[in-house]
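I have placed the structure first, in the form of structure tokens, so that the comments after it can refer back to it.
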Amino acid sequence: MIPEGIAYGGDYNPEQWPEEVWAEDVRLMREAGVNMVSVNIFAWALLEPREGEYDFTRLDKILGLLHENGIAADLATPTAAPPAWFFRKHPEALPVDKDGRRLSYGSRQTFCPSSPAYREAALRITGAVAARYADHPAVVMWHIHNEYGCHNAECHCDVSAASFRRWLRSRYGDLAALNDAWGTTFWSQWYYDWDEIIPPRATGAVPNPTHQLDWRRFCSDELLSLYKAEREVLREAAPSVPATTNFMVMYNFDALDYWRWAPELDFVSNDHYLRSTDPESEIDIALSGDIVRSLAGGPWLLMEHSTGAVNWQPVNRAKTAGELRRNALAHVARGADGIAYFQWRAAKAGAEQWHSAMLPHAGTDSQIWRDVVALGADLKALAEVRGSSSPASVAVAWDWNARWALELPSQPSESVRYLDVVRSWYEPLWRSGVAVDFVHPSADLSQYRLVLAPALYLVDDASAANLTGFAAGGGTLAVGFHSGAVDANCHIRLGGYPGAFRETLGVSTDEVFPLLPGETLSLDGGGTASLWSERVRLAGAEAVTSYGSGPLTGVPAVTRHTYGDGTAWYLATHPDPGTLAGLLDRIRTEAGVEPVRETPEGVEAVLRRGEDADYLFLINHGEGDASVQVAERATELLTARSIEGGLVTVAPGDVVVVREAR
Ligand code: GLA
């Protein structure tokens with residue numbers, strides 16, 4: 001298992017450096033308090049110079065060196081970057097894009113996920129690594145592959161097509177069921193033979209939506225089957241070493257249905273990078289952390305983030321003073337029990353030579369290095385936080401199927417983006433310090449008072465019943481526009497929108513009126529709406545606010561319905577941030593949901609709950625000193641000072657972690 005306390009480290013790629021450098025590496029790791037590094041992630045070509053011939057000399061030395069220095073290894077299977085010799089022998093294992101173009105090797109993760117040759121080679125090198133290092137004392141965890149699907153989430157080759165058909169056969173059993181699910185009477189798309197079915201390759205007009213949706217499900221499952229195959233090999237060799245693979249729960253990646261992946265991991269880990277253009281990336285960190293913690297069902301590991309700039313955005317912004325520390329501790333606040341970076345030492349050569357690292361090009365006489373050393377001390381001081389939980393009484397329904405379906409072409413509006421809608425609802429909760437979990441729509445909701453379904457365009461029948469049952473049983477359910485519109489097959493739920501939730505919400509919509517970019521409508525309680533409107537008719541609900549301008553003047557825009565023992569809200573439009581914040585404040589207050597702590601504006605408050613103490617993380621994103629009320633018997637963990645008078649001051653840009661005895 002990962003080391004005691006909070007794990008600290010990063011990707012370590014010593015194979016990119018002469019051996020003389022390694023001694024300095026471990027010396028500096030110790031200086032910074034690094035206790036775990038991920039090794040071997042991209043070392044396949046060096047480990048297996050020719051098919052079936054291995055050279056473990058270098059890795060033996062590296063693992064030995066780490067162990068001698070008390071640094072644990074998260075040992076990777078190097079399968080994300082097959083060597084050139086493999087592709088020369090198996091050019092058919094290179095992936096094909098939707099335009100039929102076969103890609104070339106010379107980078108990384110450029111292989112067809114369905115390729116039998118790739119699978120065989122990947123399992124062979126995995127088996128060799130497992131056999132050699134299963135009992136190595138440095139190895140505490142397996143890091144399987146790297147960021148599955150980052151560059152090759154889909155391949156449209158004929159081999160993939162055959163695998164897709166096998167997946168479809170097991171989903172549908174017979175062609176009649178598939179034709180029905182895909183609605184193939186439309187545009188003469190009827191299939192008479194399984195072999196007629198191909199991936200949704202580039203076509204002249206819009207492809208079938210269910211075809212595309214099933215393709216995304218298949219692509220996620222196909223990569224998952226590769227993960228599972230490697231995990232089985234590792235499990236057999238080393239049953240007690242836990243396995244992880246680094247997820248990418250961050251704004252731009254949506255290829256994998258992590259609800260299906262998470263149960264297959266012994267420990268969930270995630271990579272998170274900031275978007276240079278996001279002025280409030282602290283909200284993205286929180287959102288991602290809350291999703292990952294929810295996937296993990298508890299603490300998780302931050303496998304990668306950056307000390308400074310990345311190298312893959314149009315302009316790669318460095319972090320400002322204090323940002324490295326705030327970012328890392330914000331991940332801990334959201335449940336991370338380990339903090340790691342890409343990467344340990346900044347590369348001199350290769351495609352990532354302009355990516356920041358823990359040890360920058362400038363060496364130790366650098367701000368980043370000083371920050372890295374200081375963070376090591378902070379994380380050491382937080383050791384007792386490890387394993388603590390994160391109580392929440394609000395859940396946001398989150399589903400990759402809904403995300404994929406909502407963003408298919410030929411929607412009422414292509415401006416409606418899943419993550420944007422979810423984040424717009426999440427932001428006001430974040431600002432008020434309300435703790436939030438994310439749940440699959442079919443999850444047990446009994447621990448929550450309030451469930452939000454901001455963009456649940458697609459919902460299957462069981463999940464719909466789960467959510468409406470939650471309201472009927474006394475919970476508060478708030479549903480966002482265009483939710484519940486289609487079923488699991490992406491078929492419209494007939495009889496009026498928002499299909500699955502119509503009765504629970506006590507409304508019925510006969511027509512939607514999406515708004516043009518920049519267009520706004522006034523709301524009669526004040527504020528404006530953008531993006532979306534609907535001709536909502538009340539069918540039991542009361543109107544909370546209605547449109548004050550435009551073609552739907554007087555039509556309800558937000559409604560509230562008493563349903564069973566609970567309450568169901570419908571936000572049939574996208575209110576401006578202030579109005580949305582006001583609404584969500586009212587909704588959660590009525591539902592009896594309190595913030596973890598009242599804080600001045602700009603101060604993020606997050607709670608982790610230990611066995612005999614609460615850990616209150618206070619992060620000041622604002623520009624002035626902020627005072628926060630804490631418990632009588634409290635200590636400041638990072639400075640080990642006891643807090644007098646139940647009041648703590650957080651300087652601008654600072655982070656304070658308060659241990660409150662219970
Ligand atoms: C990903 C990869 C790393 C590295 C970083 C750079 O997260 O897993 O290998 O490429 O991006 O940001």
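A quick note: this is a predicted structure, and the numbers were derived from the prediction, not measured. Order of listing sets the numbers, starting from 1, for every ligand and every atom in it.
Relative orientation of the His156 and Trp215 rings is tilted, given thresholds of 30° and 60° on the angle between their planes. Under the 30°/60° scheme for interplanar angles, the aromatic rings of Phe111 and Tyr118 are found to lie parallel.
The number of heavy-atom neighbours closer than 6.0 Å to CZ of Arg30, taken from other residues, nucleotides and ligands shown, is 12 or below. Heavy atoms of other residues, nucleotides or ligands lying less than 6.0 angstrom from CZ of Arg260 number 12 at most. Few gaps surround CD on Glu280; more than 12 heavy atoms of other groups in view lie less than 6.0 Å from it.
Here is the list of ligand 1 atoms found below 4.0 Å of a heavy atom in Phe42: 9 (O). When each atom of ligand 1 is checked for a heavy atom of His355 under 4.0 Å away, the hits are 6 (C), 12 (O). Taking every non-hydrogen atom of Asn146 and a distance limit under 4.0 Å, the qualifying atoms of ligand 1 come out as 2 (C), 8 (O), 9 (O). Heavy-atom contacts of Asp271 reach the following atoms of ligand 1: 7 (O), 8 (O) (cutoff under 4.0 Å). Near Glu147, with a cut-off below 4.0 Å to any heavy atom, the atoms of ligand 1 are 1 (C), 2 (C), 7 (O), 8 (O). For ligand 1 and Glu352, the ligand atoms under 4.0 Å from any heavy atom of the residue are 4 (C), 5 (C), 6 (C), 10 (O).
The distance criterion of under 3.5 Å between nitrogen or oxygen atoms is met by Arg108 with respect to ligand 1. The shortest N or O to N or O distance between Glu304 and ligand 1 is under 3.5 Å. Among the atoms of Asp11, none of the N or O lies under 3.5 angstrom from an N or O of ligand 1.
Proximity of Tyr258 to Val249: side-chain heavy atoms (C-beta onward) are separated by under 4.5 Å at one or more points.
With respect to the salt-bridge test (charged N to carboxylate O, under 4.0 angstrom), the residues Arg326 and Asp654 do not qualify.
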